[in-house]
Colleague: 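To start, I am sharing the structure in question, which I have written as C-alpha cells.
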Amino acid sequence: MLTKLSIKNIALIESAEIPFTDGLNVLSGETGSGKSVIIESINFVLGAKADKALIRTGAEECSVCAEFDVSGSGEIKELFSEMDMEEEDSLIIRRRFSRGGKNSVSINGTAATVGMLKKFTEKLVDVHGQSEHFYLLSTANQLKLLDKFGGENIAAIKNTVKALYTELKSITSQLEELGGDESRRLMRLDVLNYQIREIEELGLKENEEEELNSLREKLLNQEKITQALSAINGAVDSEGGAEDILANAVRAADSISALGEEYGELYSRLQGIYAELSDIAGTAQALAENFDFSEYSLDETEQRLDKIKKIKRKYGNNYAEINDFLERAKEEKDRLEHFNETAAALLTESEKLKKELYKNYCILSDERKKNADIFSKNVTAELKELNMSKAEFRILFHPAPQFYEFKFDSPGGFDSIEFMFSANLGEPLKPLSFVISGGEMSRFMLSVKAQSAKFNEISTFIFDEIDAGISGKVARVVAEKLCRISRSVQVIAISHLPQIVSFADNSLYIYKDEADGATYTGIKVLSGEEKTQEVARLTGGAINSDSALNLAKSLIESADQYKKSL
C-alpha cells in the first residue's frame, strides 16, 4: 500500500508530505484548493506522461516520491528478482522532471526507466477516473478478475487444464527433439550424417595434435638438432675430450682417497660426475644415431594439423569434446532414423491430449459464463444503489475457436472476454475503454470492487470524482461501499461529501494559502475535532454552529457504528 507521498514544485504545491494509512483515506477541501493536483502527482510518479505544465511557476524542476509497503506482495518480490534488484519490504519510487525536458526515475535508489516503473506500479495502484492506470481496461485483467470471482470451481478446472497443457507441451517437445515434421527431420539427418562422416574420416587420436606439433618443431629444426648433438659428442666422447680429462682426474683422486676422509669425499664426487658425463655421452650418441625424419613430410604434418584445427572449431576444443560431440550426434541420428515408431506413439498421445484439453477448455468456458452472469447481475445491482438505475453491464465472450483451428498455445483456455458498459438508457453497450466520464467510471469500479475486493491483487485504489452527481442517500451508499472495500485494500478517495468524509480512517484536508505574493497548496492530517469541523463545513452549515457540529458528530458516530458491524 502507499504509505507516504512527497511532492515538490507541482502546480501550487511547493513542498508537501502526505501520510497515508491502511483503510479509507479521504481528501477534502475547498473547490480550487488543489485536490486534483494530488491525483496528478500520483499519476506522475506512477509513470504517466510528464508535462511541463506540472512544474510550479518559478521552479526549474518538479519531483514526486512515493513510498509503498510491499511486504505482502509476491508479485512485487518476483519483479525485484526479474530486474536483478535486492528484495525489500518497501518500494521507494522517485521521479523528477525539468523544464528542459529531462526525466529521471529511481526505484529504491537504482536508476530506472519509465517502462520499468510501470511494471511495478501497474501491480500496486489503480486510479479510477484516469485511464493511464486503470487496471481493468486490460481485457486480460478482466478475465483474471472473473476467474477469481469464480472461486474454487474455476480454480479446480484451471488446475486440470494446466496439468493437461503441461503434458501436451512435454509431448510436443519430445516430437521436436525427434525432428519435428518430415522435412525438418530429413534436413537434420543430412547435417548429422555430414558431421559424423567428417569426424570419423579424420580419425583423430588422443594426444595426436600435441605429438604433431612436437614433430613439426623437429622437422623445422633438423639441421640445428644434428649439429647440436654432434657438438655434444665431440666435446664429451672424442679423444682428449671431457670424458678423457675427467677419467684422469678420477684416477688422481683415487690415488689419495685412502689418505684422508676429505680426499675420499672428493674422489666420490668425481666418480659421480664421471658417471653422469658418460651417460650424457651415451644419450647424445643414441639421439644422433636415431635422428632420422626422412619418412616424415613437413607439408603433410602441417596439413594434418590444419584439418584438426578445422574440426576443433566446429566440434570441440580437444579430443574428449570432439568425441562427446560424435557420440551425441550418433545417438540423435539413431533417434531420427527410428522416428516412425516413436513418433507414431507420441502423435497418438498428442491427439488424445488435445481432445481432452479442448473438452476441459469448454468446461472452463461454460463455468466462466455462469459466473459472468452472476457477476454482471451483482454489479448492475450495485450500480442501481449508486443512483445509476439505467446502467447496464455485461461480459462479452468472443466466439470460441473450433477444435481444428485452435493452436493449443494457452494454459488458460480459449476465452477472450470484454467488459461492456452503458451508463444511460438508450446508449449501446461499449467496452470500458470507451467510457469517458470519470464519475461514471469511478462508480462502476466501485461496484466492481464491492463484488471483488476480497480477492483483489492491487493494493491501493484511488477514486477520483467518486461523488460526482450524487448526494443524500446515495452518498451514504457510496461511503459504505468505500468503507467495505477499504477493509480488504487501501482506498484513497477525493470527496466533497460529508457522508464520505465521516467514514474516513485518515482524513486529509487540502487548503490554499497566500504569502509573499504567491499562492500555495497545503495538506493537513485532521485530528478528531478537526475532522468533525470539516464534516460540519461540508454539510453547508456554519462550522461552529451547534446544529452543524451536532449533525457532523451524528454522521461520524453512524459511520463508526457501521465500521464496527463489518
Side-chain angles (χ1 to χ4, degrees), residues 73-75 78-79 82 119 122-123 126 134-176 180 346-380 392-421 429-435 444-445 447-458:
S73 176
E75 289 189 327
E78 287 177 8
L79 273 177
E82 179 184 320
K119 284 188 175 182
E122 70 184 4
K123 297 181 183 300
D126 207 354
F134 188 11
Y135 179 78
L136 283 186
L137 284 181
S138 162
T139 55
N141 290 336
Q142 292 169 7
L143 186 60
K144 286 181 183 178
L145 179 66
L146 179 60
D147 283 352
K148 286 191 173 293
F149 180 79
E152 292 181 2
N153 286 346
I154 290 283
I157 301 169
K158 286 182 75 174
N159 285 337
T160 300
V161 166
K162 186 177 180 180
L164 289 167
Y165 177 80
T166 301
E167 195 174 349
L168 178 61
K169 290 293 287 182
S170 174
I171 296 293
T172 303
S173 296
Q174 291 178 58
L175 282 166
E176 286 294 323
L346 289 173
L347 287 169
T348 300
E349 184 64 20
S350 175
E351 284 303 304
K352 179 182 174 183
L353 281 169
K354 285 180 180 179
K355 289 176 182 178
E356 186 66 18
L357 188 54
Y358 188 82
K359 174 185 170 184
N360 278 274
Y361 279 168
C362 293
I363 293 171
L364 176 59
S365 183
D366 290 342
E367 188 66 24
R368 281 171 171 164
K369 287 171 183 174
K370 290 176 188 176
N371 282 281
D373 287 340
I374 298 169
F375 187 67
S376 299
K377 288 174 183 176
N378 289 356
V379 171
T380 301
E392 190 176 359
F393 168 59
R394 291 181 194 165
I395 298 176
L396 172 68
F397 280 75
H398 295 291
Q402 298 297 313
F403 175 82
Y404 63 86
E405 62 185 2
F406 192 57
K407 294 181 180 179
F408 294 94
D409 56 357
S410 168
F414 52 54
D415 285 317
S416 173
I417 70 166
E418 194 153 17
F419 282 9
M420 307 294 287
F421 178 64
L429 288 160
K430 296 178 182 178
L432 279 187
S433 55
F434 290 7
V435 179
F444 171 78
M445 286 309 305
S447 301
V448 169
K449 292 308 169 187
Q451 287 294 313
S452 62
K454 290 182 180 179
F455 48 79
N456 166 65
E457 292 181 353
I458 299 292

Colleague: To the nearest 0.5 angstrom, please state how far the CG atom of Asp373 sits from the CD1 atom of Ile395.
Modeller: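 Here the interatomic distance stands at 8.5 Å.
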Colleague: Determine whether Leu432 and Phe444 satisfy the following criterion, side chain to side chain contact (heavy atoms under 4.5 Å, CB included), listing intermediate values before the conclusion.
Modeller: CA-CA 10 Å; Leu432 279 187; Phe444 171 78; 3.5 Å; yes
Colleague: What pair of heavy atoms forms the shortest contact from Ile157 to Asn360, and how long is it?
Modeller: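 Where Ile157 meets Asn360 most closely, the heavy atoms are CG2-O, 4.0 Å.
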Colleague: Does Ser350 use its side chain to pair, donor to acceptor, with the backbone of Leu346 at less than 3.5 Å?
Modeller: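 The answer is no, because no donor-acceptor pair under 3.5 Å joins these two groups.
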Colleague: Between the side chain of Glu367 and the main-chain N/O of Leu364, is any donor-acceptor distance below 3.5 Å?
Modeller: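 No; judged by distance alone, with no hydrogens or angles, the pair does not exist.
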Colleague: So that I can tick it off, tell me whether Lys354 and Glu356 are bridged by a salt bridge, with the cut-off set at under 4.0 angstrom between side-chain N and carboxylate O.
Modeller: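 Result for this pair is no, no salt bridge flagged.
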Colleague: Is there a donor-acceptor contact under 3.5 Å from the side chain of Thr160 to the main chain of Ala156?
Modeller: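 Yes, Thr160 side chain to Ala156 backbone: donor-acceptor pair under 3.5 Å.
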Colleague: Do His398 and Ile417 pass the side chain to side chain contact (heavy atoms under 4.5 Å, CB included) test, and can you show the C-alpha distance, the side-chain angles, and the key distance before you say yes or no?
Modeller: CA-CA 6 Å; His398 295 291; Ile417 70 166; 5.8 Å; no
Colleague: Any side-chain heavy atom of Phe397 sitting closer than 4.5 Å to one from Lys369?
Modeller: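 The answer is yes; the side chains approach within 4.5 Å.
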Colleague: Would you name the heavy atoms of Phe375 and Gln451 that are closest together and state the gap between them?
Modeller: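 Heavy atoms of Phe375 and Gln451 come nearest at CE1-CB, 3.8 Å.
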Colleague: For Glu152, look at atom CD and say whether over 12 heavy atoms of other residues, nucleotides or ligands are found less than 6.0 Å away.
Modeller: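 At most 12 heavy atoms, drawn from other residues, nucleotides or ligands, come within 6.0 Å of this atom.
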Colleague: Return yes if some donor-acceptor pair links the side-chain N/O of Gln142 with the main-chain N/O of Phe419 below 3.5 Å, else return no.
Modeller: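 Between the backbone of Phe419 and the side chain of Gln142 there is a qualifying donor-acceptor contact (under 3.5 Å).
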Colleague: Quick one: pull up CG in Leu164 and CG in Asn159 and give me the separation to the nearest 0.5 Å.
Modeller: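 CG of Asn159 is found 11.0 Å from CG of Leu164.
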Colleague: Roughly how far apart are Glu122 CD and Leu79 CG, rounded to 0.5 Å?
Modeller: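 Those atoms lie 8.0 Å apart.
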Colleague: Any pair with a residue in residues 409-418 that passes side chain to side chain donor-acceptor pair (under 3.5 Å), sequence neighbours left out, goes on the list, sorted by first then second residue, please.
Modeller: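 Side chain to side chain donor-acceptor pair (under 3.5 Å) check on residues 409-418 returns Ser365-Asp415, Arg368-Asp415.
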Colleague: Does a side-chain heavy-atom distance below 4.5 Å link Lys158 with Ile154?
Modeller: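 In contact.
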Colleague: If you look only at pairs with a residue in residues 348-367, which of them pass as a ring-ring contact (aromatic ring centres under 6.0 Å, His included), with sequence neighbours excluded?
Modeller: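 Listed once each, the pairs are Tyr358-Phe403, Tyr358-Phe414, Tyr361-Phe406, Tyr361-Phe414.
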Colleague: Can you list the steps and then say if Phe149 with Asn378 is a side chain to side chain contact (heavy atoms under 4.5 Å, CB included)?
Modeller: CA-CA 11 Å; Phe149 180 79; Asn378 289 356; 3.9 Å; yes
Colleague: Can you tell me how far the CG atom of Asp126 sits from the CG atom of Asn141, to the nearest 0.5 Å?
Modeller: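 The CG atom of Asn141 is 8.5 Å from CG of Asp126, to the nearest 0.5 Å.
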Colleague: Distance from Glu351 atom CD to Leu168 atom CG, nearest 0.5 Å?
Modeller: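 It is 9.0 Å, given to the nearest 0.5 Å.
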Colleague: Which value, rounded to the nearest 0.5 Å, describes the distance between Leu145 atom CG and Lys148 atom NZ?
Modeller: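 So the CG of Leu145 and the NZ of Lys148 are separated by 9.5 Å.
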Colleague: Apply salt bridge (charged side-chain N to carboxylate O under 4.0 Å, His left out) to residues Arg394 and Glu392 and explain how you reach the verdict.
Modeller: CA-CA 7 Å; Arg394 291 181 194 165; Glu392 190 176 359; 2.6 Å; yes
